[in-house]
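Have a look at the structure below before the remarks.
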Amino acid sequence: MEVGAVLASLADASRRRIVTRLAQGPATTGQLAELFPISRPAVSQHLKILQTADVVRTTLVGRHRWHELNPDALHTLAHWAVDVATRHEKSAPSASS
């Protein structure tokens, strides 16, 4: 999982809102489109970007596409952020020096 791809996919506020909604559980494209003031095709485009970054996984069930959050992508991002912060804390001179 590429941290840069995950970060890029979350750069857009609409995509972050979709991810926040999917944290509550799976949803269809139509269910997600009803929640946002953007068109269904726009929601589909945002979902495609999130899928490409492996932040969201999609399953076709009958005529409906069900989308669910892939928490591993967010864990990868969180791990990277903690690692960078820890390295900084270890290498930064203390304020009392």
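Positions are given from 1, in the same order as the sequence printed here. Side chains included, hydrogens not; waters and symmetry mates left out as well; all remaining heavy atoms used.
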By side chain to side chain donor-acceptor pair (under 3.5 Å), T76 pairs with (sequence neighbours left out) none
Which pairs pass salt bridge (Lys or Arg N to Asp or Glu O under 4.0 Å) with one or both residues in residues 60-89, sequence neighbours excluded? D83-R87
Per the salt bridge (Lys or Arg N to Asp or Glu O under 4.0 Å) rule, what does the pair list look like for residues 50-59, sequence neighbours excluded? D54-R57
Donor-acceptor contacts under 3.5 Å from residues 38-50 side chains, at least two apart:
from	atom 1	to	atom 2	distance (Å)
S39	OG	A42	N	3.2
S44	OG	R40	O	3.3
H46	ND1	R15	NH1	3.1

Which other residues belong to the hydrophobic cluster containing W66, where Ile, Leu, Val, Met, Phe, Trp and Tyr are joined when side-chain heavy atoms lie under 4.5 Å apart, directly or via other members? V61
Which is it for I18 and L35 under the side-chain contact (heavy atoms from CB on, under 4.5 Å) test, yes or no, and what are the steps along the way? CA-CA 9 Å; I18 289 170; L35 298 174; over 6 Å; no
Going by heavy atoms in the side chains, are H67 and T28 under 4.5 Å from each other? no
Residues in side-chain contact (heavy atoms from CB on, under 4.5 Å) contact with A5, at least two apart in sequence or another chain: E2, A53
Of all pairs that satisfy side chain to side chain donor-acceptor pair (under 3.5 Å), the ones with a partner from residues 17-27, not counting sequence neighbours: S14-R17
Within the structure provided, determine whether V56 and N70 are in side-chain contact (heavy-atom separation under 4.5 Å). no
From CG (L32) to CG (L22), nearest 0.5 Å: 5.0 Å
